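Here is the structure we will look at.
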Amino acid sequence: MKNVIRVRAVIVALALGIAALVSAAQTGATPPSSQVRPGAEETSNPPAPAQSDAAVMQRLTELEQEVERLRDELRAVKTAPAAAPTLRPAVYALPDGTPAAAAAPAAAAPAQAATPTPAPAKPDPLAGLASVLGGATVVGLVDGYYGYNFNHPTEGTTALSPAPGNFTSLQLFTPRNNQFALNLVELGLVKTPDADNRLGYKAIFGFGDAMQQVNVVSGGDPTFLQYLKEAYFSYLAPVGKGLTINVGKFVTPNGAEVIESNANWNYSRSLLFNYAIPFYHYGIQAQYTFNPKFSMTGYVVNGWNDVVHDPSTGYHNSGKTGGLTFVWTATKKLTVTENWMGGPGATQLDGSHWRNLFDTVIAYNLNSKWSFQLNGDYGRVEATSPIQPVDWWGAAGYVKYQFNPKYAFAGRYEYYNDPQGYTTGIFDANGVGPHIQEFTATFERRIATHLITRLEYRHDASNQAFFPEGKASNPLVSGQNTMAVGMMFVLEPSEAPK
């Protein structure tokens, strides 16, 4: 539109110019009737000569051609499609000396703001699930083995079966003899709370001989819980440096070993892990780290290996078990962990019996090759007439040598005393329990990042003959030798053994 106005203005100007030239041509010469006033003197400047008619006509022709050219341009502008309006900055400088072109983006802002905004996207139905799973880590384990007992047992019972069978005594997590077996299949999600997201959780399911052993002693717990290893939610309370609170089912803080084979130095479990301590608890747990050297955990739970207090199983009270865990990281190489737990509800005969357990773990890493651990346990159930007090104790020593990232060797020796047979369920005709020793040697080969294999030899011995042997003339002996080959596929943030 501005171009049209501009062209029209030029045409008008040219027309006025032509009119002026014509007028000048007509008045350029002196009229014939003009006379000089009487008495007037002539001026010293002679009059300007008049322009010739030929020059005037030539100029008129040029102006007419220019007008015609401008009319053609005007017609072209009118017939062309309308272009989108644009804002051009004025050519001037701002008071601070900034060129006007620098202010052009700011001038265009109102036009951009006028652009209609798109409609808001529909809410994602999985957004809530994503917020729960965000930051969670998938953990998993497939653990299988082949076990062989040189005693060739044909009788004996374990927690896996009340009937006599081909089982290896004392090895609760690797009981099957001369066969391939599934120790543990585990899958779960772990989300650790932090200052940005104070809620977390841990939910891990498991299948196999290990889970059946862990949950078989769970009193009146529902049967579906035998597949649930851990399930609790966490909250990082804004107290001091952060107080972590866990509520639900969690593994015991006691002992130097854990349920997963890959996290231990040896493939089979120790006597202390099988008999001296519980496997898990259900209740509330709170942990606080004072500084890099000291931390403490307190908990209140239903008891040992209990999710539900069921009076039908003989637990006649709702007494709770409490506990404390103190960790002292003396140096980068030395860590000392002390556990205590105690409370009523020790036996199914009388829930008022008070049971105490003291557990100590000392870990020392000499260098990148040599590592050592020492674990000691003492437990006692106080006397309540007519029940006499019972106790049990033991110690285990571990050594590990890491040849390189792929190869390692670990050895374990332990002694366990169960004077009344309270924890093992083994005692003679006089009610005296056994003294047991065991030695284990384990060679580890890490085939790949997630694949670990172990070859293990173990010797168990006791002062009492209770190990089954496949001989009719001598069905029970005082010792046994076993071999196992284990293979573990691991999905964890850190797969290195403890």
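The structure displayed is predicted, hence computed values, not measured ones. Note that these values count all heavy atoms, side chains included, but never hydrogens, waters or copies made by symmetry.
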Does a side-chain heavy-atom distance below 4.5 Å link Lys320 with Asn302?
-> yes
Distance-only donor-acceptor check, side chains Tyr146 and Asn178, under 3.5 Å | yes
Answer yes or no: is there a side-chain heavy-atom contact under 4.5 Å between Pro419 and Trp393?
-> yes
Hey, can you tell me if Trp370 and Phe372 have their rings parallel, tilted or perpendicular (30° and 60° cut-offs)?
-> parallel
Go through the steps to decide whether Glu230 and Lys202 satisfy the test salt bridge (Lys or Arg N to Asp or Glu O under 4.0 Å), and finish with yes or no.
-> CA-CA 7 Å; Glu230 290 182 272; Lys202 188 173 187 178; 3.3 Å; yes
May I ask you to decide if the ring planes of Tyr422 and Trp392 are parallel, tilted or perpendicular, using 30° and 60° as cut-offs?
-> parallel
Heavy-atom donor-acceptor pair, Asn365 side chain to Asn367 backbone, under 3.5 Å | no
Check whether any side-chain heavy atom of Tyr282 sits under 4.5 Å from a side-chain heavy atom of Asp306, and report yes or no.
-> no
Is the number of heavy atoms from other residues, nucleotides or ligands under 6.0 Å of Lys406 NZ greater than 12?
-> no
Around Tyr227, counting heavy atoms of other residues, nucleotides and ligands shown, do more than 12 lie under 6.0 Å from its OH?
-> no
Can Asn266 and Thr440 be counted as having a side-chain donor-acceptor contact under 3.5 angstrom?
-> no
Supply the atom-to-atom distance Arg446 CZ to Thr449 OG1, rounded to the nearest 0.5 angstrom.
-> 8.0 Å
Which atom of Gly322 lies closest to which atom of Trp340, heavy atoms considered | O-CZ3, 3.9 Å
Assign the ring pair Tyr299 / Phe250 to parallel, tilted or perpendicular, where the plane angle (0 to 90°) is split at 30° and 60°.
-> perpendicular
Check whether any side-chain N or O of Asp359 sits under 3.5 Å from a backbone N or O of Asn339 as a donor-acceptor pair, and report yes or no.
-> no
With a 3.5 Å cut-off and no angle check, do the side chains of Thr252 and His281 form a donor-acceptor pair?
-> yes
Do Trp354 and Asn356 have side-chain N/O donor and acceptor atoms under 3.5 Å apart?
-> yes
OH (Tyr145) and CG (Leu184) are apart, to the nearest 0.5 Å, by 11.5 Å
Determine, step by step, whether Thr442 and Leu455 satisfy the side chain to side chain contact (heavy atoms under 4.5 Å, CB included) criterion, reporting the C-alpha distance in whole Å, the side-chain angles of both residues, the deciding distance to 0.1 Å, and the verdict.
-> CA-CA 6 Å; Thr442 306; Leu455 174 64; over 6 Å; no
Nearest heavy-atom approach of Ser234 to Asn246 is OG-OD1, 2.6 Å
Side chain to side chain contact (heavy atoms under 4.5 Å, CB included) between Phe173 and Ile259, worked out = CA-CA 9 Å; Phe173 286 70; Ile259 295 173; 4.1 Å; yes
Presence of salt bridge, Arg458 and Glu456, under 4.0 angstrom = no
Quick one: do Tyr457 and Asn481 satisfy side-chain hydrogen bond (donor to acceptor under 3.5 Å, both in side chains)? Show the steps, please.
-> CA-CA 8 Å; Tyr457 165 78; Asn481 295 285; 2.5 Å; yes
Just checking, is any N or O donor in the side chain of Thr174 or Gln171 under 3.5 Å from an acceptor N or O on the other one?
-> yes
Do Asp391 and Tyr378 come within less than 4.5 Å of each other through their side chains, counting heavy atoms only?
-> yes
Using atom types as modelled and distance alone, determine if a side-chain donor or acceptor of Gln402 lies under 3.5 Å from a backbone N or O of Asn404.
-> yes
Any donor-acceptor pair under 3.5 Å from Asn215 side chain to Gln226 backbone | yes
Determine whether the aromatic ring centres of Phe290 and Tyr288 lie less than 6.0 Å apart.
-> yes
Between the side chains of Asn177 and Asn149, is a donor N or O closer than 3.5 angstrom to an acceptor N or O?
-> no
Would you find a donor on one side and an acceptor on the other, under 3.5 Å apart, between the side chain of Lys333 and the backbone of Leu366?
-> yes
Criterion ring pair (Phe, Tyr, Trp, His ring centres under 6.0 Å) on Phe205 and Phe207, from CA distance to verdict = CA-CA 7 Å; Phe205 295 86; Phe207 308 87; 7.5 Å; no
How long is the gap from CG on Leu170 to CG on Asp460, to the nearest 0.5 Å?
-> 5.5 Å
Stepwise side chain to side chain contact (heavy atoms under 4.5 Å, CB included) check, Ile452 with Val490 | CA-CA 8 Å; Ile452 305 171; Val490 185; 4.3 Å; yes
Mind listing the closest non-hydrogen atom pair of Asn291 and Lys241 along with its distance?
-> CA-NZ, 3.9 Å
Spell out, as yes or no, whether a donor-acceptor pair under 3.5 Å connects the side chain of Arg355 to the backbone of Val381.
-> no
Stepwise, does the side chain to side chain contact (heavy atoms under 4.5 Å, CB included) test hold for Asn254 with Phe279?
-> CA-CA 9 Å; Asn254 299 285; Phe279 294 129; over 6 Å; no
Quick one: do Glu444 and Lys400 make a salt bridge, cutoff under 4.0 Å?
-> no
Step by step, would you call Thr244 with Gln287 a side-chain hydrogen bond (donor to acceptor under 3.5 Å, both in side chains)?
-> CA-CA 5 Å; Thr244 303; Gln287 178 184 7; 5.3 Å; no
Has the side chain of Gln480 got a donor or acceptor atom that lies under 3.5 Å from a matching backbone atom of His459?
-> no
Test item: Met488 and Val142 side chains (from C-beta on) under 4.5 Å apart, heavy atoms = no
Taken to the nearest 0.5 Å, the spacing of Asn417 CG from Asp377 CG works out to 13.0 Å
Examine Phe403 together with Tyr401 and report whether their ring centres are nearer than 6.0 Å.
-> yes
Give a yes or no on whether the ring-centroid distance for Tyr201 and Tyr232 is below 6.0 angstrom.
-> no
Would you say Leu172 and Tyr275 make side-chain contact, with heavy atoms under 4.5 Å?
-> yes
Modelled atom types, side-chain donor and acceptor of Ser270 and Tyr416, under 3.5 Å | no
Check Ser261 against Asp143 and note the closest heavy-atom contact, atom names and distance.
-> OG-OD2, 2.7 Å
Just how far is it from atom OG1 of Thr331 to atom OH of Tyr364, taken to the nearest 0.5 Å?
-> 7.0 Å
Shortest non-hydrogen contact from Glu414 to Leu272?
-> OE1-N, 3.2 Å
Taking the side chain from Lys191 and the backbone from Leu199, do they hold a donor-acceptor pair closer than 3.5 Å?
-> no
Should the heavy atoms of other residues, nucleotides or ligands under 6.0 Å from CZ of Phe358 be counted, would the total exceed 12?
-> yes
If you take all heavy atoms of Gly144 and Tyr267, which pair is closest and at what distance?
-> O-OH, 3.5 Å
Please check if the distance between the ring centroids of Tyr398 and Tyr413 is under 6.0 Å.
-> no
Could you tell me the separation between the CD1 atom of Ile426 and the OG atom of Ser462, rounded to the nearest 0.5 Å?
-> 7.0 Å
